[in-house]
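Some notes on the structure that comes next.
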Amino acid sequence: MSDRAYYKLIGKCLAVIVGLLVLCRLTDGYAAAVVAAVGVICAVTGKTGIALCCYVFMPLTIVINPLLVPLTSAIAYAARFGPLLIGCVLAVTSSQRVGRHCVPLGLMIPFLLAACVSSIDGWLPKISYLKLINFSVFLLGLWLGTKNMHHRPKDVYLLRAFFMAVACFVILGSVILYPFPAYSQLSAMQLAMRSGDMGAAAELAQTAEGTSALFCGILNQSQALAPIMTCCVGWVVCDMLFILRKFNKIHLLLVGFSLPALYLTRSRCGFLAFSVMATMVYFYASQRVKMPQKMKRHVRMGMTVGLVLVGLVMIAAELKGGTMTRWLRKRDDLSSDARTFTEAVMASRQGLMENSLRDFQKNPLLGMGFQVDENVLIRFGRTEGLIISASIEKGVLPTMILGETGLLGAVLFVAFLVGFYAICNRKQFIATVTLFTTFIATNMGESTFFSPGGIGGIMWVVCLVGGFTIDTILLYQRNLERTMALAGQVGFGR
């Protein structure tokens with residue numbers, strides 16, 4: 001695909017995303033259900049590219065700024081069940097494609113089985129098992145739905161353009177919305193009030209972090225914008241390095257706009273994730289880009305200059321006005337902040353981490369159940385019938401795994417990570433490794449790994465499906481080059 005055709009397709013995909021969100025607002029969210037239905041129909045009829053685009057779009061609707069597109073019950077149900085149905089159908093149809101080219105997510109199965117055992121005597125087994133089913137089906141769609149996509153290059157290139165359109169929407173949309181703080185800056189208290197949870201709003205009104213309005217741009221909160229935008233930037237950089245294999249103005253523009261937007265969120269999770277993403281790209285991904293050595297040196301030099309400039313700007317900003325300190329402390333008035341640096345950085349997650357560790361102490365071997373805690377028992381323990389949603393905050397990924405699945409789950413999760421990285425490295429899934437590591441880094445600030453119905457859904461899709469899309473294009477290109485080389489040798493022999 002030529003650059004011109006690529007950017008033309010990106011424009012069309014961006015127009016579709018914006019148009020669908022406008023329809024969601026005008027139809028009270030029922031347009032999202034139509035998108036889900038279209039995705040299922042396309043999956044059944046073999047239009048895999050369109051089906052996967054619908055699959056990518058669905059979790060995006062959950063995290064859109066509620067002042068622009070309110071999160072109605074229709075959107076919530078469509079975004080929860082739509083990807084599951086599309087993923088299941090894609091998993092079935094993918095069996096018709098020959099080969100073993102897939103993301104090694106099957107290694108997660110032993111951990112999920114351990115989570116089933118852990119949940120038997122957990123806080124609330126019925127919710128744990130519903131969440132396990134939800135996550136397992138979501139994972140199945142990611143794993144099998146994208147299997148052997150190198151046999152369908154047109155669908156993969158469509159998906160590539162759609163991911164670029166999502167990145168443009170998140171980054172440029174947030175920047176465009178910045179001059180309108182009434183829309184682009186929301187506090188946790190405001191979000192609680194809009195959702196009708198007046199009890200939570202009253203509690204948040206008593207805290208500085210609950211009432212502080214931080215930049216959230218086109219998404220629903222700063223803690224969503226920062227990690228999601230970081231994942232999008234990582235995808236943009238991988239697309240530029242691996243497929244374009246040159247510096248591109250549009251890609252660099254997106255990266256440049258993301259930096260001030262990231263600072264405005266004041267998200268420490270975003271800072272950590274962006275740092276990890278930049279480190280992975282510089283020390284890991286750029287070393288493995290297959291291109292002429294002269295071009296590789298040019299790319300490395302450009303990246304080095306860019307990182308040095310960013311570092312110098314950060315140092316100058318810190319020396320001039322304590323910019324980095326204000327970011328990490330999440331406080332503009334440093335003179336009134338008596339907390340130590342460690343206390344300031346860990347304050348927002350310390351209580352949640354301690355809760356997870358208490359669960360671990362109650363049952364060190366197996367933990368207290370998948371995606372539940374004592375508060376879930378208090379809220380839903382007496383509830384009868386099917387519980388569709390039971391949102392929960394769990395701090396950071398390591399303590400969450402220990403609290404939910406104990407030592408058994410922790411060992412199996414580490415085994416999954418080791419196996420995942422080993423297989424991806426052997427199969428040269430460099431973009432997938434880079435973006436998945438970025439996703440893991442976001443979970444060191446706020447755990448969303450097992451939350452496909454929240455902000456975790458779109459990050460799973462961008463990092464796993466997006467990274468695998470890039471790696472699939474590279475595999476297709478390698479196969480095409482080998483075929484042409486073989487055809488040339490045969491022709492010469494004749």
Side-chain angles (χ1 to χ4, degrees), residues 10 14 17 56 60 63 160-178 215-219 222-244 246-286 289 299 302-303 305-307 309-311 313-314 327 430-446 448 455-456 458-470:
I10 291 170
L14 186 57
I17 291 172
V56 174
L60 184 64
V63 296
R160 177 198 174 198
F162 197 83
F163 274 114
M164 187 65 175
V166 169
C168 291
F169 175 78
V170 172
I171 299 171
L172 297 181
S174 296
V175 172
I176 292 171
L177 208 60
Y178 173 71
F215 181 66
C216 62
I218 204 78
L219 303 186
S222 61
Q223 285 299 105
L225 177 62
I228 292 171
M229 184 168 60
T230 300
C231 294
C232 289
V233 171
W235 188 92
V236 168
V237 173
C238 288
D239 182 68
M240 180 174 66
L241 283 180
F242 294 156
I243 299 180
L244 294 182
K246 62 182 179 180
F247 290 115
N248 177 274
K249 292 180 181 179
I250 294 179
H251 288 67
L252 292 176
L253 187 69
L254 291 174
V255 176
F257 276 135
S258 71
L259 294 173
L262 184 64
Y263 170 73
L264 290 171
T265 65
R266 300 297 179 91
S267 170
R268 293 181 288 260
C269 172
F271 177 82
L272 172 64
F274 198 95
S275 300
V276 170
M277 182 272 292
T279 301
M280 285 295 296
V281 168
Y282 187 80
F283 290 104
Y284 176 77
S286 66
V289 178
V299 169
M303 292 177 62
V305 171
L307 290 174
L309 287 176
V310 171
V313 169
M314 291 170 61
W327 184 352
I430 309 303
T432 302
V433 168
T434 301
L435 293 173
F436 184 73
T437 305
T438 303
F439 179 44
I440 292 291
T442 67
N443 280 267
M444 296 300 106
E446 182 174 4
T448 58
I455 69 173
I458 186 64
M459 286 193 285
W460 265 108
V461 169
V462 171
C463 292
L464 264 294
V465 180
F468 189 64
T469 297
I470 292 175

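Quick note: numbers below take in every heavy atom, side chains included, and nothing from hydrogens, waters or symmetry partners.
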side-chain contact (heavy atoms from CB on, under 4.5 Å) evaluation trace for I470 with R160: CA-CA 7 Å; I470 292 175; R160 177 198 174 198; 5.7 Å; no
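- For the pair V233 and L254, the minimum side-chain heavy-atom distance is 4.5 Å or more.
- For the pair G270 and T230, the tightest heavy-atom approach, listed with the atom from each and the gap, is O-OG1, 3.9 Å.
- Counting heavy atoms from C-beta outward, V236 and M164 have side chains that approach closer than 4.5 Å.
- In terms of heavy atoms, F163 sits closest to V56 at CZ-CG2, 3.7 Å.
- When all heavy atoms of Y282 and M303 are compared, the pair lying nearest together is CA-CE, 3.7 Å.
- Looking at S222, its side chain never comes within 3.5 Å of a backbone N or O of F215 through a donor-acceptor pair.
- Put simply, the side chain of M277 does not reach to within 4.5 Å of the side chain of W235, judged on heavy atoms.
- In this structure, the side chains of L225 and V170 come closer than 4.5 Å at one or more pairs of heavy atoms.
- In this structure the side chain of H251 never reaches within 4.5 angstrom of the side chain of V237, judged on heavy atoms.
- Here the closest heavy-atom approach between residue G466 and residue L435 is recorded as C-CD1, 4.4 Å.
- The minimum heavy-atom distance linking A273 with T438 is given by the pair O-CG2, 4.1 Å.
- To the nearest 0.5 Å, atom OG1 of residue T279 and atom CZ of residue F283 are 6.5 Å apart.
- Side-chain contact between I17 and F162: present, with at least one pair of heavy atoms (C-beta onward) separated by less than 4.5 Å.
- In this structure, the separation between CD1 on I430 and CG on L241 is 12.0 Å, given to the nearest 0.5 Å.
- Separating the CG atom in D239 from the CD1 atom in I250 is a distance of 11.0 Å, to the nearest 0.5 Å.
- A distance of 9.0 Å separates CD1 in I455 from SG in C231, rounded to the nearest 0.5 Å.
- Between V276 and M444, every side-chain heavy-atom pair lies at or beyond the 4.5 Å cut-off.
- Looking at heavy atoms from C-beta onward, T448 lies in side-chain contact with F439 at the 4.5 angstrom threshold.
- Taking both residues in full, the closest heavy atoms of M229 and L262 are given as CE-N, 3.5 Å, listed atom of the first, atom of the second, then distance.
- Atom-to-atom distance recorded for M240:CE and K249:NZ is 14.0 Å, nearest 0.5 angstrom.
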Could you walk me through whether V433 and M280 pass side-chain contact (heavy atoms from CB on, under 4.5 Å), step by step? CA-CA 9 Å; V433 168; M280 285 295 296; 4.0 Å; yes
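- Between the side chain of S286 and the main chain of V281, a donor-acceptor pair closer than 3.5 Å is present.
- Expressed to the nearest 0.5 Å, how far SG of C269 lies from CG of N443 amounts to 7.5 Å.
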